[in-house]
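Report on the structure given below.
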Amino acid sequence: MRRSILPVFAHRLAILCYIVFALFPLFWLLKVSLTPNDLLYSEGVRMWPSRTTFEHYAFVLQHSAFPVFFKNSVIVSGSTAIAVTIIASLSGYALSRFTFRTKYWIVGLMLLTQMFPLVMLVAPIFKILTPLGLTNSLTGLVVVYTAFNVPFATFLMQSFFDGIPKDLEKAAMIDGATRFIAFRQIILPLTLPGIAATLGFVFTAAWSELLFALMLINGNNAATFPVGLLTFVSKFSVDFGQMMAAGVMALIPAALFFLLIQRYLVQGLTAGAVKG
Amino acid sequence: MTSRQHLLPARLTATTAMMPPTGTILPMTTAFTSSHGRRTRKPFLAQLADHAEPYLYSAPALILIITVMLVPLVLGMSYAFRDIQLLNPFSGGFVGLDHFRTLSQDKAFSGALKNTLWWTGASVVLQFTFGLILALLLDKPFRGRGMVQALVFLPWAVPSFLAGLNWAWLFNPVIGPLPHWLFALGLIDQPGNLLSDPHHAMWGPIIANVWWGIPFFAITLLAALQSIPRDLYEAASIDGANWMQRFLSITLPFLAPTIAITVLLRTVWVSNFADLIVVMTGGGPADRTQIVASYIFTQAFKALDFGYASAIALVLLVLLIAYSMLIILPRQTLLNKG
Amino acid sequence: MASITIDNLAKSYGTYSVLQGVNLEIKDGEFIVLVGPSGCGKSTLLRMIAGLEEVTSGEIRIDASRVNERHPKDRDIAMVFQSYALYPHMSVARNMSYSMRLRKASKEKIEAAIAGAASKLGLEPYLERRPKALSGGQRQRVAMGRAIVRQPKAFLFDEPLSNLDARLREQMRAEIKKMHGDLKATSIYVTHDQIEAMTLADRIVAMHGGLVQQVGSPLELYDRPANLFVAGFIGSPGMNFFEGTRHSDGVRLADGTLLKVQLPPGADDEQGITVGIRPEHVELSAEGVGATVDLVEPTGFGIILHLSLNGVDLKVFTSDRAFLTPGQQVSVSFPTHHLHFFDAGGNRILR
Ligand SMILES: Nc1ncnc2c1ncn2[C@@H]1O[C@H](COP(=O)(O)OP(=O)(O)OP(=O)(O)O)[C@@H](O)[C@H]1O
Ligand SMILES: [Mg+2]
């Protein structure tokens, strides 16, 4: 039997195109961040500069509030990811295992939250949080981000729970566990991939959020990475090398997290769970 | 002593079946009266606890969603009828439909509506098409697939504002290669910035959006593809179906529900998605890339006019809900009929 | 060990009624087998006894105390699932001891219980393995072990052997029987396998349409099925049925043949009646009615013959290896004492 290698070749070529398209912008970011200032314009379109330097990174780390932004973002994104994962495990489990009267209303409500322009919430949330002292605070951001991410995370967790046989917690309940113990000791450990996917997804989402961070925070002390980067960009808008060095550093945690969990995402993202 | 009886059936009706041929089956209920006459119902508290269980699990999520999203949403809707200027302490009064009257005259808004259609349509179609192709490519097992998957999905992890900045820089003729390449290809007369070209500026954010959104469709569709039972394809190949026929008769029907829901949700999401435009063009040049979502953003953050911003947001929300209904309802009625 | 009483138990999902008034008295140490066509509510009944499904109406009593409201964990029963439902993230030993750990039993007790169950089931070499690393038969044993370790008042089995191959099933069937002999535990066992039902049961409960059709020892159900459903359901291949009408001195079949049998008096003449005979009771003899062979199914143990009696289908089981081919003529006869009679309502007519 003669099998043509043409389809295989075309397949690999197409994949290659996608990889290049996906990575090229990031590659360019890295390249400019490593290009010394004096070469920036003369070698603007070259694929790799003749000389590289880390001076932009050094500048960003030493002469800006970057380490603070970084710390704030890690705190906010980490707390949000953990809070959302706990809350969404519970609600996703409820949607997966119970049939109750208001279930469809709850699903409807969660879908609705995925539909409206979040900008609309900026002013009301600002007004609600101010008297509580939660503006200009990382806690306020965590609360808001947690609420925003719970609906999608619920659907994500639900689809993971749906994949676990119901007989397991029935067996556990017969073995003498309450439902909650069965949930904690039997079901949750089996949902670890789902938990990883949810953690990673929410972390990345919180890491990138700009709108509310911009609105609810002013001043550098509680600013997160996106806000810091944007102010940095508008302040140093001529120094491309430094901006891109800052950009690369903003990218690293989110990208690392994503690479770790992306294979679980494919498992978990079924038709029920969809949102960017 | 065994007597034998010979049946002499001529046109005998007989059945050899598990189920009885005639009549209904009478229950063999041994009449049984309970010696324990008490019909105690479950203690009230226990019953309450049983019914409350699903709510207990969903309570934290619901409380958060209601207090942080639903209540502000209702408040935000009310702002559409009030004069809310963040820096003006005398604002806050009710203005009725004033904002909507202004809105109907607002040229920038009608332009933004058109741009929104264009932005959403082009973004979703391109994201979906390339996402589907990528999912199909990745559905075939090959060496290094896990690695490839991680790499091509990476743009999704890039924070949206950074994606915007990144692409803005790529389109910048000073440090980006794209203007020079386009010029070399003869697509533009001079290596200028696409983002400041009033006729083609919208393509900048769209391309960035496609780059950023392909992984979303690819991941979702790949998940759906991988849930299609393999033996269906094998059965179809044995039946003599070629690749295209298998795609049309198995893959597409299986993907259809996923496609419908992802495209619907994604359309809504993209039309609400202002980050890229705000970062890349700020709506310019001359409002040529202003979409409704970015217009709301501009009104709220630049003009600090939250009343007017809320009015626009309300209109957008109504349009989006109408759009969703338009897609969901016919499907639903079809399903109900079927 | 315990007795279980099921009193007028009903279950419906919304308006769809699954069980409609089931009564059953299970004695201490008894082995009850539930049989019935798919969807008749066997699993539902079992899950209600276990407490996994809410009772719509009626009462379940274990040792004379009502348990309707009790949580499964407080009913002190064990269940073996068709899917085994082993906890994938726990070793065999931990799977078996989970219930004891939940009850905070002492370490020595747990170890003794695991060792006891493992030796009974031959699981010693696998105690540290995860379920994933076990064969189907071994998993089945672990599921049994988990139930034994619990030392429950009663065992519930929902088609526990149906995922095993025939040889293993046979072996496990014998082991379950032996185990029941040892433990004398009250057991309720759901199966689709006729042989399992016949060999294991002290009493078989035949269910259909959400109701108990007959309760009795295996041979009782086989020899004296209470109604047409049980007659058709128990036994494989299934019973042959012929229709006729009742007469003063017997039964007149549809074609006019008169069947001379002694039926109890009282019922009206001319009433519709169904006559049944098991395939293994039809005799192939020199004298008798001529029939044509349609199909020959050798099972090794015997032969199932599909015959046509003047266009009417009839199944015969014979251990006679007589070489027959389709199209051949045979003659068959029907020993009267093997005939079953059912009235128009489908109920057995006692003779
Ligand atoms: N959660 C449910 N909601 C609605 N109907 C249900 C539910 N669970 C079971 N049923 C219905 O109840 C009936 C009895 O189901 P059950 O599982 O008890 O049957 P079974 O006798 O065990 O069948 P099988 O032999 O196939 O296991 C079926 O018709 C089934 O469709
Ligand atoms: Mg069943």
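Below, chain A is the first sequence line, B the second, and so on; all start at residue 1. Bear in mind the structure is a predicted one, so any value in this text is a computation, not a measurement.
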Might you point out which heavy atoms bring C:Leu52 and A:Ile174 nearest each other, and give the distance in Å? CD1-CD1, 3.8 Å
Heavy atoms from other residues, nucleotides or ligands near NZ of C:Lys109 exceed 12 (cutoff 6.0 Å): no
Close side-chain approach of A:Lys170 to C:Met79, heavy-atom, < 4.5 Å: no
Within 6.0 angstrom of C:Arg101 CZ, more than 12 heavy atoms from elsewhere: yes
Could you report the tightest heavy-atom contact between A:Leu168 and C:Pro88, atom names first, then the distance? CD1-CD, 3.9 Å
Nearest non-hydrogen partners of A:Pro189 and C:His89, listed with the distance: CB-CD2, 3.5 Å
Part of C:Leu86 lying under 4.5 Å from any heavy atom of chain A: backbone
In terms of heavy-atom proximity below 4.5 Å to chain A, should C:Arg47 be classed as side chain, backbone, both, or neither? side chain
Grab the two heavy atoms, one from C:His71 and one from A:Thr178, that are nearest each other, plus how far apart they are. CE1-CA, 4.0 Å
May I ask you to name which of C:Arg75, C:Arg103, C:Arg146, C:Met100 has the most heavy-atom pairs under 4.5 Å with chain A? C:Arg146
Report yes if the side chains of A:Ile186 and C:Met90 come closer than 4.5 Å at any heavy-atom pair, otherwise no. yes
When you check the side-chain N and O atoms of A:Gln185 and C:Tyr87, is any donor under 3.5 Å from an acceptor? no
Rounded distance (nearest 0.5 Å) linking atom CG of C:Leu102 with atom CE of A:Met173: 12.5 Å
So do C:Lys73 and A:Asp175 actually touch side chain to side chain, heavy atoms under 4.5 Å? no
Do other residues, nucleotides or ligands put more than 12 heavy atoms under 6.0 Å from C:Lys178 NZ? no
Is it the backbone or the side chain of A:Leu190 that comes under 4.5 Å from a heavy atom of chain C, or both, or neither? side chain
